[in-house]
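See below for the structure under consideration.
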Amino acid sequence: MKNTKKWSFYIFITACFLVFLIPFYIVIVNVFKDNKAIVNNALALPKSLDFSALADAFEKMNYARTFMNSLLITLVSVSLTIVVAAMCAYLFARKNWKINKIIFMVMVVSMIIPFQTIMIPLVKNFSSLGIMNNRATMIFFYIGANVPMAVFMFHGFMKSIPYELEEAAKIDGCTQVGIFVRIILPLLKPIASTIFILNFLGTWNDFLAPFIILTDNSKKTLPLMTYMFTGQYFTDYALVLAGLILTMLPILIVYIFMQKNIIEGVAQGAVKG
Amino acid sequence: MGKKKVNNILMFLGFAGPAVFAFAFVIGWAFVNGVFMSFTDWNGISESYNMVGISNYIKAIHDINFWQSLGRTTQYVIGVVIIVNIVAFFFAYLLTRGYKGQGIFRTGFFVPNLIGGVVLGIVWKFIFSEALVQLGKISIFSTFANNWLSDPDTAMLAMIIVAVWQQAGYLMIIYMAGIIAVPETVCEAASLDGATGLYAIRKIILPLVMPSITICTFLSVKAAFMVYDVNLTLTAGGPFKSTIMASMHVYNKAFKYNDFGIGQAEAIILFLIVAVISVAQVTITKNKEVEA
């Protein structure tokens, strides 16, 4: 009885698992074929490994450059978000000023504003300042957009740090900045890594914001370039699939090494957020 | 001004300044200006514009395409939210039964979530329009013989399938955390009283994971209402404009047809609808939460 239950579990879950991952199988096997072989049978394994489509896509997507754009925008914006949000949350958690309470409330409420509601005025605002089509603008945008959730999560976490720790440091002559840097920051590591993971995934994969802000090919991020590139060549399956693989590869590699942290981060983020 | 006050101001600017400035500049300014724009006739290019009162909102209310796209989006939201939550809960339940190797399954189910909607949309476009069509030549898979993306009904279904596939792993993780938190003693006591299988799920586990249900429903409703990138790359709104969702409609209105004022009015209506639905949903499901 127990064995049948066990086997039906494994058979069922494995079937689901395979169905879930078949799309990746289809992409991977076809990237090594030529178009004739793909149209002939898209589900079969390749007869030989042909890397020409990958090389071609690498060049046509200007991959090295595009990858660096994505990495630069994501890493810088996520790191800065964490720093400024931690500072802000510290003040909000420790000083009960009216202005702090008001701004905190506004930030929390703003989290339900969808991007589509602000994208049109955003274009107008940024154009009026002449800062469209700029990677620094992209970074600044992500900081502003991600700060509310980060402040909210840091704030919740800091409330749980006992105040006595800081008082002891104060008596020893530590300044407010010193307390923050030496005592609070080191304690924030777990929540900071959760915020880092959530924001990294969101920013790395974001499409609509760079779609309306970045227009130069040399500044585009991976999702954006993938869209442009596949739109241009969609009938050339091998090339398109190669482009998709190249876009998926970095995040999958990171996932292989950090899957425990990523899943943990996502679970934590949902509970706190 | 006293020294203390100056100190406090400096402290506020030093600690909260950068974050508050970035937030106000990006989100605050855009939101306020967005509300303002919805009362003007700005065309996206010219320097000047006129105040037109609520005429954009009246035009939005009479914009049949907008309401059609909202109707479609509602269909899509209902389909996605129900299916994805059932699938995610089901996986989470199975993968918390203590069988060996469940970590591998968990890792695998989460993978689609790592990859952006643009890429997933194109992957599935290839699958629906080429790989599955080929498979459709075998008689038991004949339902795929016609490209699903070229028929309005199946194109909508394809959108739902891709969304479920993309988000199930994410929601599964949240449900797993909820199920693991159910105290083992409660489950044991229930099974001693004869509550097992589906009955135990319905009467014991579901009520106790209600907080996870609140979060997951909230997240999936918001994501489904705002769908854009999968919509763009999988169906591009086709066939015959039958899958243009609300987001795409707003985007097109503003950036394709340069009706910025009406587009923005519609964006605000969309925001209000989502906000009202989200608040109502959270209130309702929160009410059903119980303590173990």
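So you know, we letter chains A, B, ... as the sequences are listed, proteins then strands, and number each from 1.
Heavy atoms of A:Ile103 lying under 4.5 Å from chain B belong exclusively to its side chain. With a threshold of 4.5 angstrom between heavy atoms, A:Tyr237 approaches chain B through side-chain atoms but not through N, CA, C or O. For A:Val254, no part lies under 4.5 angstrom from a heavy atom of chain B. Of the two parts of B:Ile122, the backbone and the side chain both hold a non-hydrogen atom closer than 4.5 Å to a non-hydrogen atom of chain A. Of the two parts of A:Leu129, only the side chain, counted from C-beta on, holds a non-hydrogen atom closer than 4.5 Å to a non-hydrogen atom of chain B. Residue A:Ile263 touches chain B through both its backbone and its side chain, counting heavy-atom pairs closer than 4.5 Å. For A:Phe20, the parts lying under 4.5 angstrom from a heavy atom of chain B are both the backbone and the side chain. Heavy atoms of B:Ile127 lying under 4.5 Å from chain A belong exclusively to its side chain. Contact annotation for B:Val26: both backbone and side-chain heavy atoms come within less than 4.5 Å of a heavy atom of chain A. Interface residue A:Thr226: backbone and side-chain heavy atoms are both found under 4.5 Å from chain B. Within the 4.5 angstrom heavy-atom criterion, no atom of B:Val274 approaches chain A. Residue A:Ile38 touches chain B through both its backbone and its side chain, counting heavy-atom pairs closer than 4.5 Å. Residue contact with chain B, scored on non-hydrogen atoms closer than 4.5 Å, involves the backbone and the side chain of A:Asn41 alike. Neither the backbone nor the side chain of A:Ile22 comes within contact range of chain B; no heavy atom of the residue lies under 4.5 Å from a heavy atom of that chain. Residue contact with chain B, scored on non-hydrogen atoms closer than 4.5 Å, involves the side chain of A:Ser128 exclusively. Proximity to chain A involves both the backbone and the side chain of B:Gln264, based on heavy atoms less than 4.5 angstrom apart. Looking at A:Leu80, neither its backbone nor its side chain comes within 4.5 Å of chain B, counting heavy atoms on both sides.
Most heavy-atom pairs under 4.5 Å with chain A: of the set B:Gln102, B:Met37, B:Arg97, this distinction falls to B:Met37. Counting heavy-atom pairs under 4.5 Å between each of A:Thr81, A:Leu224, A:Leu241, A:Val19 and chain B puts A:Leu241 at the top. The candidate from A:Glu264, A:Met107, A:Lys260 with the greatest count of non-hydrogen atom pairs under 4.5 Å with chain B is A:Met107. Between chain A and the residues B:Val250, B:Asn8, B:Leu95, the largest count of heavy-atom pairs under 4.5 Å involves B:Asn8. Considering only heavy-atom pairs separated by less than 4.5 Å from chain A, the leading option among B:Phe260, B:Trp29, B:Phe36 is B:Trp29. Of the listed residues (A:Val83, A:Thr14, A:Ile113), the one with the most heavy-atom contacts under 4.5 Å to chain B is A:Ile113. Most heavy-atom pairs under 4.5 Å with chain A: of the set B:Val123, B:Val32, B:Ile115, B:Val35, this distinction falls to B:Ile115.
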- [ ] Decide yes or no on side chain to side chain contact (heavy atoms under 4.5 Å, CB included) for A:Phe207 and B:Leu232, but give the supporting numbers first.
- [x] CA-CA 11 Å; A:Phe207 173 72; B:Leu232 181 69; 3.5 Å; yes
Open item on the list: Show, in sequence, the C-alpha distance, side-chain angles and deciding distance for B:Leu94 and A:Phe12, and conclude whether the side chain to side chain contact (heavy atoms under 4.5 Å, CB included) test is met.
Closed with: CA-CA 10 Å; B:Leu94 288 177; A:Phe12 179 78; 3.7 Å; yes
Task: side chain to side chain contact (heavy atoms under 4.5 Å, CB included) evaluation trace for A:Asn30 with B:Glu130 - done: CA-CA 11 Å; A:Asn30 287 313; B:Glu130 186 62 48; over 6 Å; no
Open item on the list: Does B:Phe91 form a side chain to side chain contact (heavy atoms under 4.5 Å, CB included) with A:Cys16? I'd like the steps, not just the answer.
Closed with: CA-CA 9 Å; B:Phe91 283 162; A:Cys16 292; 3.8 Å; yes
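When the shell of 6.0 Å around CD1 of B:Ile104 is examined, it contains 12 or fewer heavy atoms from other residues, nucleotides or ligands. Within 6.0 Å of the OH atom in B:Tyr49, the count of heavy atoms belonging to other residues, nucleotides or ligands does not exceed 12. Residue-environment remark: CZ (B:Phe144) exceeds the threshold of 12 foreign heavy atoms within 6.0 Å. A 6.0 Å sphere centred on OH of A:Tyr25 holds more than 12 heavy atoms belonging to other residues, nucleotides or ligands.
Between B:Phe25 and A:Phe141, the distance from one ring center to the other does not fall under 6.0 angstrom. For B:Phe271 and A:Phe115, the ring centers sit 6.0 Å or farther from each other.
What you find for A:Tyr255 and B:Val111 is that their closest heavy atoms are CE2-CG2, 3.6 Å. Nearest heavy-atom pair across B:Trp165 and A:Pro23 is CZ2-CG, 3.7 Å. Across A:Gln116 and B:Met226, no two heavy atoms sit closer than the pair NE2-O, 2.9 Å. Taking each heavy atom of A:Met87 and B:Pro18 in turn, the nearest pair found is CE-CG, 4.1 Å. Of all non-hydrogen atoms in A:Asn205 and B:Leu114, the two that sit nearest each other are ND2-O, 2.7 Å. Looking at every heavy atom in both residues, B:Ile268 comes nearest to A:Thr117 through CG1-CG2, 4.3 Å.
For the side chain to side chain contact (heavy atoms under 4.5 Å, CB included) criterion with B:Phe23, the lone passing option out of A:Val106, A:Asn146, A:Ile143, A:Val151 is A:Val106.
In this structure, B:Phe105 and A:Phe9 have perpendicular ring planes: the angle between them is above 60°, well past the 30° mark.
Side-chain contact check for B:Tyr99 versus A:Ile13: every heavy-atom pair is 4.5 Å or farther apart. Looking at heavy atoms from C-beta onward, B:Tyr251 lies in side-chain contact with A:Met119 at the 4.5 angstrom threshold. The shortest distance between side-chain heavy atoms of B:Phe255 and A:Ile120 falls below 4.5 Å. Contact annotation: the side chain of B:Phe21 approaches that of A:Phe140 to within less than 4.5 Å [non-hydrogen atoms, C-beta and beyond]. The shortest side-chain heavy-atom distance between B:Phe31 and A:Ser110 does not fall under the 4.5 Å cut-off. The shortest distance between side-chain heavy atoms of A:Tyr10 and B:Lys100 falls below 4.5 Å. When side chains are defined from C-beta on, A:Phe211 counts as touching B:Tyr228, because their heavy atoms get closer than 4.5 Å. Looking at A:Gln259 and B:Phe110, their side chains never come closer than 4.5 Å, going by heavy atoms from C-beta outward.
Contact residues of residues 92-101 of chain A toward chain B are A:Phe92, A:Lys95, A:Trp97, A:Ile99, A:Asn100 (heavy-atom distance under 4.5 Å). When the heavy atoms of residues 169-180 of chain B are compared with those of chain A, the residues falling under 4.5 Å are B:Tyr170, B:Ile173, B:Ile174, listed by number.
Distance check, rounded to the nearest 0.5 Å: CG of B:Asp229 to CG of A:Asp206 gives 8.0 Å. Within the model, atoms CD of A:Gln176 and CE of B:Met11 stand 3.5 Å from one another, a figure rounded to the nearest 0.5 Å. In this structure, the separation between OG1 on B:Thr107 and CD1 on A:Ile256 is 11.0 Å, given to the nearest 0.5 Å.
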